[in-house]
There are 2 protein chains.
Amino acid sequence: MNIGDVAQRAGVPAKTIRYYEEIGLVTPQRAANGYRHFRPIDLHKLAFIGRARALGFTIEDCRTLLALYSDDSRQSAQVKAVAQDHLRQIDEKIAKLVSMKETLSALVQQCAGDHRPDCPILADLADPAPRPFILP
Amino acid sequence: MNIGDVAQRAGVPAKTIRYYEEIGLVTPQRAANGYRHFRPIDLHKLAFIGRARALGFTIEDCRTLLALYSDDSRQSAQVKAVAQDHLRQIDEKIAKLVSMKETLSALVQQCAGDHRPDCPILADLADPAPRPFILP
DNA sequence: CTTGACCTTCCAGTTGCTGGAAGCCTTATG
DNA sequence: CATAAGGCTTCCAGCAACTGGAAGGTCAAG
């Protein structure tokens, strides 16, 4: 298979696949004409990476996961550790975003959004109101 | 004030302030010795930027917000529009992360996390189970 | 006078692609 | 058989928003 086919089937852009080869994530063979030649196993690997990326794993995580996948002597605890670590980072990101959202939507609600210049959003950025005290 | 002071008071790293100058976000004066000289207004601006960044606004958003802030003929609707747009993007990010989190935590729960190699996380990445049908 | 804390500039690297240019290769059509 | 369209190749540049580090000037204290 050529790169276009694989891209379509794995759901990963051709450009991205070339990049993955560049960083050594995949190593397709080459045809006589210089085209990359992908075997089914390469397609499988790319689909694996695509799904891992869709779950937010970093490229380095993907490398680790692929290594574990092809390691017969792996322990599922190793995989779980990677996933749990990632899960923790997702939670952190969500918490941060939710906190932003709360602050921002409170400000947006207070803003008249009309033709007048007075704006609590700008006022808060310029000189923030003390945040309500939140117990830990 | 020198950059160290401003950095401390505005809560923005000195390195970042230099970067902000480079991209024209702030324009401190210069002392005879070549040191950047920050006036109170510069500090205020940096604190403004710092808070906007903490709310997740992009640098370009910051530029826009600063322009609106110093525009007497602004309409609060303009500010509100920027904020609402940003809020929408935050919501999108949260939704994406929550979706990842759901999938991933389901997998993590199914993983024994012991010394054996069998792992539903890897199994799913290699060959995903059909996702449960979710009504819109 | 020296030491140490600041400050300066410049360069490079981060993450994960993405776009574009210039130029082969292949296949279908006139 | 010529050509045009589409696919493939490489290489270079750029995005966002910093961050780290090297090499060197400046300043205040002891």
Side-chain angles (χ1 to χ4, degrees), chain A residues 1-38 42-43 45-46 48-66 85-86 89-90 92-93 96-97 100, chain B residues 1-38 42-43 45-46 48-66 85-86 89-90 92-93 96-97 100:
Chain A
M1 285 153 85
N2 284 347
I3 200 167
D5 292 324
V6 200
Q8 188 133 47
R9 299 199 207 198
V12 178
K15 206 96 199 197
T16 303
I17 297 176
R18 290 194 195 98
Y19 169 69
Y20 287 166
E21 186 190 20
E22 194 183 314
I23 63 171
L25 255 193
V26 288
T27 46
Q29 298 176 327
R30 292 290 174 142
N33 59 11
Y35 285 19
R36 288 170 183 82
H37 173 71
F38 296 84
D42 296 315
L43 170 58
K45 200 167 177 178
L46 280 166
F48 183 108
I49 297 168
R51 284 186 287 266
R53 293 287 300 128
L55 287 179
F57 284 106
T58 65
I59 294 287
E60 282 317 299
D61 284 341
C62 290
R63 243 186 255 281
T64 307
L65 292 171
L66 283 169
D85 198 69
H86 179 43
Q89 293 180 49
I90 289 178
E92 279 171 24
K93 282 188 192 166
K96 202 167 161 188
L97 285 168
M100 285 178 185
Chain B
M1 285 155 86
N2 284 347
I3 199 167
D5 291 324
V6 200
Q8 187 132 47
R9 299 198 207 196
V12 177
K15 206 95 199 197
T16 303
I17 297 176
R18 291 195 195 98
Y19 169 69
Y20 287 166
E21 187 190 19
E22 194 182 313
I23 62 172
L25 211 44
V26 289
T27 47
Q29 299 176 327
R30 291 290 175 143
N33 59 11
Y35 285 19
R36 288 170 184 82
H37 173 71
F38 296 83
D42 296 316
L43 171 58
K45 200 167 177 177
L46 281 166
F48 183 108
I49 297 168
R51 283 185 288 266
R53 293 286 302 127
L55 287 179
F57 284 106
T58 65
I59 294 286
E60 283 317 298
D61 284 341
C62 290
R63 244 185 255 280
T64 306
L65 291 170
L66 282 170
D85 198 70
H86 179 42
Q89 293 180 49
I90 289 178
E92 279 172 24
K93 282 188 192 166
K96 202 167 161 189
L97 286 167
M100 285 177 186

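Proteins get letters first, then strands, A, B, ... in listed order; numbering begins at 1 in each.
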Query raised in the report: Taking it one step at a time, do A:Ile17 and A:Val12 satisfy side chain to side chain contact (heavy atoms under 4.5 Å, CB included)?
Result: CA-CA 7 Å; A:Ile17 297 176; A:Val12 178; 3.8 Å; yes
Query raised in the report: For the pair made of CD in A:Gln8 and C1' in D:dG7, what is the distance, rounded to whole Å?
Result: 13 Å
**Report entry** Upstream residue (5' side of DNA chain C) when A:Pro13 and B:Ala14 are each assigned their closest nucleotide
**Finding:** B:Ala14
Requested in this report: Look at the side chain of B:Asn33 and decide which nucleotide, out of C:dC25, D:dA17, D:dC27, has an atom nearest to it.
Outcome: D:dC27
Query raised in the report: Starting at CD1 of A:Ile3 and ending at P of D:dC8, how long is that distance when rounded to a whole Å?
Result: 7 Å
Report summary line: The nucleotide from C:dC25, C:dC7, C:dC17 with an atom nearest the side chain of B:Asn2 is C:dC7
Requested in this report: Mind checking B:Arg53 for me? I need base, sugar-phosphate or nothing, with any heavy atom below 4.0 Å counting as a touch.
Outcome: sugar-phosphate
Query raised in the report: Atom CZ of B:Phe57 to atom C1' of D:dA16: distance rounded to whole Å?
Result: 17 Å
Report summary line: B:Thr16 has its side chain closest, among D:dT19, C:dT18, D:dC27, to D:dT19
Query - Between P of C:dG16 and CG of A:Asp61, the distance in whole Å - result: 9 Å
Requested in this report: Would you mind telling me which of C:dG16, D:dG7, D:dT10 lies closest to the side-chain atoms of A:Tyr35?
Outcome: D:dG7
Report task. Identify whether any heavy atom of A:Arg36 sits under 4.0 Å from a base atom; if not, whether one sits that close to sugar-phosphate; answer base, sugar-phosphate or nothing. Result -> sugar-phosphate
Query raised in the report: Would you call A:Arg36 and A:Arg18 a side-chain contact if the rule is heavy atoms closer than 4.5 Å?
Result: yes
**Report entry** Rounded interatomic separation in angstrom, taking OH from A:Tyr20 and P from C:dT15
**Finding:** 14 Å
Report task. Considering just the side-chain nitrogens and oxygens of A:Arg18, establish if one lies under 4.0 Å of OP1 or OP2 belonging to D:dT9. Result -> yes
Only distances under 3.5 Å count here; give the side-chain donor-acceptor pairs of residues 55-64 of chain A to other protein atoms, sequence neighbours excluded, each with its distance to 0.1 Å.
| residue | atom | partner | partner atom | Å |
| --- | --- | --- | --- | --- |
| A:Thr58 | OG1 | A:Glu60 | N | 3.4 |
| A:Thr58 | OG1 | A:Asp61 | N | 3.0 |
| A:Thr58 | OG1 | A:Asp61 | OD2 | 3.3 |
| A:Glu60 | OE1 | A:Arg63 | NE | 3.4 |
| A:Glu60 | OE2 | A:Arg63 | NE | 3.1 |
| A:Asp61 | OD2 | A:Thr58 | N | 3.3 |
| A:Arg63 | NH1 | A:Ile23 | O | 3.0 |
| A:Arg63 | NH2 | A:Ile23 | O | 3.1 |
| A:Thr64 | OG1 | A:Glu60 | O | 3.0 |

Report summary line: To the nearest angstrom, the CD-P distance between B:Glu22 and C:dT8 comes to 13 Å
Query raised in the report: Once you round it to whole Å, what is the distance between C1' of D:dA16 and CD of B:Gln89?
Result: 13 Å
Query - Atom pair distance, as rounded to whole Å: CD1 in B:Ile17 and P in C:dC6 - result: 15 Å
Report task. Give a yes/no answer on whether the side chain of B:Arg63 brings an N or O atom under 4.0 Å of OP1 or OP2 in D:dA16. Result -> no
Requested in this report: Looking only at non-hydrogen atoms, find the nearest pair between B:Leu66 and B:Phe48 and report the distance.
Outcome: CD2-CD2, 3.5 Å
Requested in this report: Report which part of the nucleic acid A:Ile23 touches: base, sugar-phosphate, or nothing (heavy-atom distance under 4.0 Å, all strands).
Outcome: nothing
**Report entry** Any donor-acceptor N/O pair, A:Asn2 side chain to A:Gly4 backbone, under 3.5 Å
**Finding:** no
Requested in this report: Indicate, yes or no, whether a donor-acceptor pair under 3.5 Å links the base of C:dG16 to the side chain of A:Lys15.
Outcome: no
